**Q** 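Below is one structure. I have some questions about it.
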Amino acid sequence: MKQILLIVTFLVSNCLFLSSKHRLVEVAPAYSSTSVNTTIFRTNSLVTRGDFQYIGFYDADGSVVVGKRTLGSTQWTLSKTPYRGNVQDAHNGISLMVDGAGYLHVSFDHHGHALRYAKGLAPGSLQLGSLQSMIGSDEQDVTYPQFYALPNGDLLFSYRSGASGRGNLVLNRYDVAEARWLRVQDVLLDGEGKRNAYAQLCVDDQGVIHVSWVWRETWKVETNHDLCYARSADLGKTWKRSDGSAYVLPIRAGEAEYAWRIDPGHELINQTSMYADADGNPYIATYWRDTVSDVPQYRLVWHDGNRWNQQPVGHRNEAFSLSGGGTKRIPISRPQLVMDAQRLYYIFRDIERGDRVSIALSTNLSSGAWRIFDATDFSVEAWEPSLDTELWRREKQLHLFVQRTAQGDGEKTVDLEPQPVYVLECDLSRYDR
């Protein structure tokens with residue numbers, strides 16, 4: 001009977017999307033009393049390599065589960081690993097990536113803790129080896145681990161060393177030919193013991209690494225301020241501003257390039273997302289409020305090759321305020337974005353739209369016009385967007401990790417039974433009409 005109910009639930013879920021041409025592929029039920037499975041800074045909850053798509057999440061008892069499927073299939077192979085995480089703290093998400101040789105890399109369960117990292121035992125394997133270090137130094141106080149794939153098959157790994165308000169950004173590189181990790185930057189973004197940078201990275205099609213960040217002066221989110229930028233064309237060794245001038249490393253507040261100035265106390269959010277177009281110009285998704293308004297608005301900040309620009313994405317009406325520390329229960333998600341040659345897709349969740357998965361589309365930024373669509377007809381509650389970056393890079397197919405999750409304000413849990421994890425395969429052609 002339970003199997004029949006699961007099959008019926010799966011078919012009904014798919015039928016809800018036949019009219020929109022999206023496809024909702026169920027994976028398995030997973031922990032949902034916090035947003036630990038759906039935080040945006042997981043960076044990669046899904047990743048495609050070759051014909052296979054990989055996924056990672058915490059199950060109902062907090063165990064790390066990894067899985068894979070053949071692209072296009074609805075059948076998943078799942079492996080419950082021997083590892084667990086503190087799922088009551090939404091910071092402790094799982095980040096994963098597959099290297100150029102086909103090995104799965106997984107890092108999980110960090111909020112100021114020693115590095116927890118494991119690698120697959122063979123190419124394509126879901127069986128993870130023992131926990132291991134990468135470099136062996138500065139790995140005792142790790143938060144926000146994130147993998148990024150480089151065009152040559154190597155991987156980048158970034159994390160914050162230190163604490164909120166007094167941390168530094170560390171950067172490692174996995175050399176796939178030598179099968180070992182190398183330290184690229186001990187301190188890329190230096191808080192000088194006074195602040196820390198909350199960063200987001202992307203790697204463009206030429207292998208240029210882009211990083212943008214906000215500074216935070218204390219552990220309180222209301223001390224977030226300003227949006228900064230840097231890029232590297234040599235695997236993270238040297239860094240430049242958008243005008244080509246070189247940084248002296250590490251980058252500190254006094255020498256940073258300020259893409260947009262935003263004062264503290266303006267609901268500026270940290271750890272969002274960015275993308276770079278075919279010309280290597282950076283685009284940053286975020287939100288904050290203007291001084292003359294109580295309502296935070298989604299924003300796009302971008303460099304057009306000559307100067308920095310900014311515009312709101314849509315128009316919100318509901319005010320809210322960010323203050324204090326810990327994971328916040330916010331009525332909107334942090335935004336994610338991707339681009340192709342003609343379009344920019346801005347992905348978010350907003351209580352004003354029923355907490356659905358929503359996508360804003362721009363085909364001409366100079367017009368300032370955005371069309372907004374809902375990609376689900378159900379609420380995802382505290383969900384934030386994460387996507388299969390490598391599938392988008394390779395085929396411009398948008399696959400989103402989707403799960404209804406709850407979140408109490410300040411690391412509190414909410415009584416919500418395990419909810420199914422889905423992959424939402426978006427048919428973007430519907431937005432061309």
Side-chain angles (χ1 to χ4, degrees), residues 10 13-14 17 21-30 37-59 64-81 93-108 118-128 146-151 153 155-156 174 176 202-203 205 273 275 336 338 340 345 347 357 359 375-376 380 383-403 419-429:
F10 176 75
S13 297
N14 273 315
F17 285 82
K21 297 185 181 178
H22 296 319
R23 188 167 78 143
L24 194 67
V25 179
E26 185 168 356
V27 183
N37 277 326
T38 60
T39 53
I40 196 170
F41 48 76
R42 292 188 63 185
T43 301
N44 277 88
S45 51
L46 296 166
V47 60
T48 291
R49 178 75 186 178
D51 294 330
F52 295 98
Q53 184 176 62
Y54 295 79
I55 195 168
F57 56 88
Y58 290 110
D59 70 7
V64 175
V65 175
V66 293
K68 70 176 181 178
R69 65 165 176 161
T70 303
L71 278 173
S73 171
T74 61
Q75 301 300 312
W76 289 86
T77 300
L78 301 177
S79 174
K80 184 169 182 173
T81 75
I94 303 167
S95 184
L96 66 155
M97 185 54 75
V98 179
D99 66 32
Y103 286 86
L104 179 65
H105 297 250
V106 181
S107 188
F108 63 96
K119 178 184 171 186
L121 293 177
S125 174
L126 298 177
Q127 301 302 307
L128 300 181
Q146 298 177 346
F147 294 99
Y148 299 88
L150 293 166
L155 305 181
L156 287 176
Y174 182 77
V176 71
C202 72
V203 180
D205 292 340
S273 64
Y275 200 83
Q336 182 72 254
V338 292
D340 61 22
Y345 301 97
I347 308 153
V357 176
I359 300 175
T376 65
V380 286
W383 169 90
E384 291 187 317
S386 62
L387 63 107
D388 188 331
T389 57
E390 304 316 294
L391 185 61
W392 178 265
R393 186 196 307 273
R394 190 178 80 186
E395 299 182 21
K396 296 299 183 285
Q397 292 186 21
L398 181 60
H399 286 195
L400 297 170
F401 182 107
V402 172
Q403 184 197 18
Q419 298 291 306
V421 168
Y422 300 98
V423 175
L424 176 58
E425 301 176 351
C426 295
D427 176 17
L428 298 177
S429 65

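These numbers come from a predicted model, not from an experiment. We count residues from 1, following the sequence as given.
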**Q** Is the backbone of N37 close enough, under 3.5 Å, to the side chain of Q403 for a donor and an acceptor to pair up by distance?
**A**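 Side chain of Q403 to backbone of N37: no pair is present.
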**Q** Would you give the length of the straight line joining atom CG of L96 to atom CG of L104, rounded to the nearest 0.5 angstrom?
**A**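 Rounded to the nearest 0.5 Å, the CG-CG separation comes to 5.5 Å.
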**Q** Just wondering, do T39 and E384 contact through their side chains at under 4.5 Å, heavy atoms?
**A** yes
**Q** Heavy atoms, side chains only, cut-off 4.5 Å: are W76 and V25 in contact?
**A**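 Of all side-chain heavy-atom pairs linking V25 with W76, at least one is under 4.5 Å.
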**Q** To the closest 0.5 Å, what do you measure between OG1 (T70) and CZ (F52)?
**A** 4.5 Å
**Q** Which heavy atom in I94 sits nearest to a heavy atom in G56, and how many Å separate them?
**A** CD1-C, 4.4 Å
**Q** Is a side-chain donor or acceptor of T81 paired with a backbone partner of V65 at a separation under 3.5 angstrom?
**A**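 No: the side chain of T81 does not pair with the backbone of V65.
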**Q** For D205 versus P151, what's the shortest heavy-atom pair and its separation?
**A** O-CG, 4.2 Å
**Q** If I compare all heavy atoms of D99 with all of A101, which pair ends up nearest, and what's the gap?
**A** OD1-N, 2.8 Å
**Q** Mind checking whether Y58 and V64 have side chains closer than 4.5 Å, heavy atoms only?
**A** yes
**Q** Using every non-hydrogen atom in the two residues, find where I359 and A375 come nearest and quote the distance to one decimal.
**A**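 Closest approach of I359 to A375: CD1-CB, 4.3 Å.
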**Q** With rounding to the nearest 0.5 Å, note down the distance linking OG1 in T389 to CG in L398.
**A** 11.5 Å
**Q** Give the intermediate values and the outcome of side-chain contact (heavy atoms from CB on, under 4.5 Å) for residues L126 and Y54.
**A** CA-CA 9 Å; L126 298 177; Y54 295 79; 4.0 Å; yes
**Q** If you take all heavy atoms of C426 and H22, which pair is closest and at what distance?
**A**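 For C426 and H22, the tightest heavy-atom pair comes out as CA-ND1, 3.2 Å.
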**Q** Rounded to the nearest 0.5 Å, what separation is found between the SG atom of C202 and the OH atom of Y275?
**A**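 These two atoms lie 8.5 Å from each other.
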**Q** Evaluate the side-chain contact (heavy atoms from CB on, under 4.5 Å) criterion for residues F41 and Q146: first the C-alpha distance (whole Å), next the side-chain angles of each, then the deciding distance (0.1 Å), finally the verdict.
**A** CA-CA 8 Å; F41 48 76; Q146 298 177 346; 3.5 Å; yes
**Q** In Å and rounded to the nearest 0.5 Å, what is the CG to NZ distance from D51 to K68?
**A**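 One finds 10.5 Å between CG of D51 and NZ of K68.
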**Q** Counting C-beta onward and ignoring hydrogens, is there a side-chain heavy-atom pair between L155 and V176 closer than 4.5 Å?
**A**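 Result no, sub-4.5 Å side-chain heavy-atom pair not found.
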**Q** Measuring only between side-chain heavy atoms, which start at C-beta, is R23 closer than 4.5 Å to T74?
**A**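 SC-SC contact between R23 and T74 confirmed.
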**Q** Measure up the F57 and F401 rings against each other and bin them: parallel (under 30°), tilted (30 to 60°), perpendicular (over 60°).
**A** tilted
**Q** Does a donor on one side chain sit under 3.5 Å from an acceptor on the other, for Y345 and W392?
**A** no
**Q** Would the distance check show the side chain of R394 and the main-chain N or O of G50 forming a donor-acceptor pair, the cut-off being under 3.5 Å?
**A**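 Flag set: sc R394 to bb G50 pair under 3.5 Å.
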**Q** Taking atom OG of S107 and atom CG of N44, what is their separation to the nearest 0.5 Å?
**A**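 Between S107 OG and N44 CG, I get 12.5 Å after rounding to 0.5 Å.
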**Q** I'd like to check L71 versus L391 (side-chain heavy atoms, cut-off strictly below 4.5 Å). Are they in contact?
**A**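 Touching, per the 4.5 Å side-chain cut-off.
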**Q** Would a 4.5 Å heavy-atom cut-off, applied to side chains only, mark Q419 and W383 as touching?
**A** no
**Q** Do L78 and D59 come close enough that some side-chain heavy atom pair is under 4.5 Å?
**A** no
**Q** side-chain contact (heavy atoms from CB on, under 4.5 Å) with V47: which of H399, E390, Q53?
**A** E390
**Q** Closest approach of R69 and S73, non-hydrogen atoms and distance?
**A**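 Scanning both residues, the minimum pair turns out to be NH1-O, 2.7 Å.
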